[in-house]
Amino acid sequence: MELQLGLDLPTIHDDHHNHHDSIECCELWSRGIGFSSSESNKKHVRKKRSFEDYAFGQCSLNKTTLPLLVWSGHPNEEEEDDSNNGNIHRRNIHLSNKNEGEENHLVGWPPIKSWRKKELNHHHQYPTIIRNNNRMMQATNHENQNRSEETNSLYVKVNMEGVTVGRKIDLMLYNSYQTLTHTLITMFAKYQNFEEDGASYKLTFQNEQGDWLLAGHVPWQSFIGTVRRLAILRNEK
Amino acid sequence: MKKAAYSFPEEVLEHVFSFIVSDKDRSSISLVCKSWYEIERWCRRKVFVGNCYAVSPPILIKRFPELRSVTLKGKPHFADFNLVPEGWGGFACPWIRAMAGAYPWLEEIRLKRMVVSDESLEIIAKSFRNFKVLVLSSCEGFTTEGLAAIAANCRNLRELDLRESEVEDLSGRWLSDFPDSYTSLESLNISCLGNEVNLLALERLVSRCPNLKTLRLNRAVPLDRLPNLLRGAPQLAELGTGAYTSEMRPDVFSNLAEAFAGCKQLKTLSGFWDVLPSYLPAVNPICSQLISLNLSYATVQSPDLIKLVSLCEKLQKLWVLDYIEDDGLEVLAASCKDLRELRVFPSDPFGLEPNVALTEQGLVSVSEGCPKLQSVLYFCRQMSNAALNTIARNRPNLTRFRLCIIEPRSPDYLTLQPLDDGFGAIVEHCKDLRRLSLSGLLTDRVFEYIGTYGKKLEMLSVAFAGDSDLGLHHVLSGCDNLRKLEIRDCPFGDKALLANAAKLETMRSLWMSSCSVSFGACKVLGQKMPRLNVEVMDESGPPDSRPESSPVEKLYVYRTVAGPRLDMPGFVWTMDDDSALRIS
């Protein structure tokens, strides 16, 4: 039949299997915002690899980092929520038909029906429980308790090369480059440039002094202290 | 060769066929020979259309001229999670119009995930003299005005069930439109309505319908009205309460408890919005007879849940929030040996930290303690291969297993390995598994397991998993009974899809969003497979304004005998034979 494209089916025990797959993987992902290992700049191999690992879902790093799920409301219309610092906004996730919005979260994840989400919203606005055990004291909403006392939001603009519309994200919702990168990949995946040769991208940031630097080389906390803007640039070859 | 003459006249065959009710069996009968096909189609009374676009009203009506019951499903399942944009389709109107003309004796209409207008409801109300059952499940597009038409005109209505639909609630007045002479109501589910219905009308309706078995109220019905309602319907078998909160007054409590005690047939409870824990024990008199309990709106803590659940020794189905925690599930496992179905929903799905002590251990306990457990939906924040292995070995009788680890791509929290082996154990041991939803960190290996062992699997949901096309290929080539496959955010692309194109004709549908399927591949698929509708959804513009290799946003492929649909909105394109893009 014409449609059989001779799919190669290496078995699990095939030594070439993993290599084969990861090459395929690179090709697929490098069409978009994936970070191609074949183009890795030797100088920055380490950091690049961690971005790739994320893109290919092979990240097996310590999961004490913040969960990937970034639930943040529309930063441009920050909701006034008296009981917290506005880090977590409870809203129904709606995929808008208009130009992309303000989603810096995963649409439709976790997979909960919208009316159930509405119920949760309703509950979190009018909380009726007081938890009282040795695990966690939560007097009001289950908002981001650990962070609300110490931190405010840190919204920075993110622009991707070749994309006119920029986004804004709250960096206080992340505590590592992995989580940040993952969100950015998700956010900008639809703006992929469709080059035949595949493109890889790097994350850069502008610091307090106005200099543009490659992200990932300073510890996260220092990064947070100095970052003002983010830009996703295509790698020159 | 002499043609075999049937010694039975048609009427006898018809009579025999009337005992065959399952759709599959009916289908099989109709394939035996031409005359059986003919007899069968004239006496078929009930039809289930799993995808309203797989067939068209004229085709249905032509084949089955004497239907009494029609079930239609519209949007893909992922529409429940807002992945299908507004206006996508699933319009009930053409169907209802056509059926109004063709089936004057139609009695039952059941719609799921369809867009239903008030006009359609009015047509139903006026066209079917013996109309008995209207079920609108996860539907939208209508208002309480449409309901008023149903109430006013359907003299023989037995069931009105609006479960999980989005209704524009203009006023609660519609309920009063049931005439005083109307007494045939057996089942009423208005739990999705936002506004208060006319409570007096409700009470009168309930008390004059002696066959009322199911009553699911909406949140707006206050707790202190519940005892009256219950006294008016002591024969109730299924009750959904309204808001379960009130000022704490002893007389309200005792009134309520007494009213519950009077409902000797009550087996199913749901509702419990805004529940005040101290009112929960009001249901204690009937706990020992409960078989189904939906506490998924009850925001009470584990101790209160435990007190309730431990009394329900006959419980078969429990839906609950994760407030129940591991401790509560352990009590459940010890108390409810007849449990068949467990669903644990997250109380704080978007929180960044766990807010409850619910882990994989809770599910393991239930799998150990409940020998009849078949169906699981479980949201949690950590899982291990070891736990999944244990669950699989404990419960090889699982038929539905849906696990949602809230953070995408979470590995085994103990070993930091992918969860391939755990899910592999599930498919290997649970030989009758029909439905599976995956989550966590997963490589192509899990799909190899699924393709190898998931022979009875009918529906698979995948998100943020896999490494390459091989994963998709394993599933499409291995799962012999696969009917529905829905995938989001996986690196699956053209190769597996095109290599398994023929498989798609054996399935109801395939959904792929945020994957790596190129526009070019979609075109090829659409051109080569005329009996598939290959629909590309892209809200950022026509896919042909970008290179062929660019991935499509969303792909929905389904088999059909009705050809490409004509009601697509601007962001949906069909890839069909004439290879020019048709935008309707």
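Within every chain, numbering begins at 1; the chains are lettered A, B, ... in the order of the sequence lines, protein sequences first and strands thereafter.
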Participant: What part of Arg402(B) gets closer than 4.5 Å to chain A, counting heavy atoms only: side chain, backbone, both or neither?
Facilitator: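 Contact with chain A is absent: no heavy atom of Arg402(B) under 4.5 Å.
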
Participant: Are any of the side-chain heavy atoms of Pro111(A) and Cys404(B) separated by less than 4.5 Å?
Facilitator: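 SC-SC contact between Pro111(A) and Cys404(B) confirmed.
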
Participant: Measure distances from Ser461(B) to the heavy atoms of chain A and classify the residue's part below 4.5 Å as side chain, backbone, both or neither.
Facilitator: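 Neither the backbone nor the side chain of Ser461(B) comes within 4.5 Å of chain A.
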
Participant: Please flag which part of Leu276(B) lies under 4.5 Å from any non-hydrogen atom of chain A: side chain, backbone, both or neither.
Facilitator: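 Neither part.
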
Participant: Side chain from CB out, backbone as N, CA, C, O: work out which of these in Tyr413(B) comes under 4.5 Å of a heavy atom of chain A, or both, or neither.
Facilitator: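 Contact with chain A involves no heavy atom of Tyr413(B) at all.
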
Participant: So Lys117(A) and Asn82(B), do their side chains get closer than 4.5 Å, heavy atoms only?
Facilitator: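 Side chain of Asn82(B) against side chain of Lys117(A), heavy atoms only: contact under 4.5 Å found.
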
Participant: Using the six-membered ring wherever Trp is involved, compare the ring planes of Tyr297(B) and Trp115(A) and label them parallel, tilted or perpendicular (cut-offs 30° and 60°).
Facilitator: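 Plane angle between 30° and 60°, so tilted.
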
Participant: With rounding to the nearest 0.5 angstrom, report the CZ to NZ distance, Phe81(B) to Lys113(A).
Facilitator: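 Phe81(B) atom CZ to Lys113(A) atom NZ measures 7.0 Å (nearest 0.5 Å).
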
Participant: Return the CD1 to CD1 distance between Ile406(B) and Ile112(A), rounded to the nearest 0.5 Å.
Facilitator: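 Nearest 0.5 Å value for the CD1-CD1 distance: 6.5 Å.
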
Participant: State, yes or no, whether a side-chain contact exists between Leu106(A) and Pro408(B) at a heavy-atom distance under 4.5 Å.
Facilitator: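 Side-chain contact under 4.5 Å: yes.
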
Participant: What residue in Phe78(B), Phe379(B), Phe345(B), Trp273(B) has the most heavy-atom pairs under 4.5 Å with chain A?
Facilitator: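 Of the options given, most contacts go to Phe345(B).
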
Participant: So what's closer than 4.5 Å to chain A heavy atoms on Pro418(B): side chain, backbone, both or neither?
Facilitator: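 Nothing of Pro418(B), per the 4.5 Å heavy-atom cut-off to chain A.
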
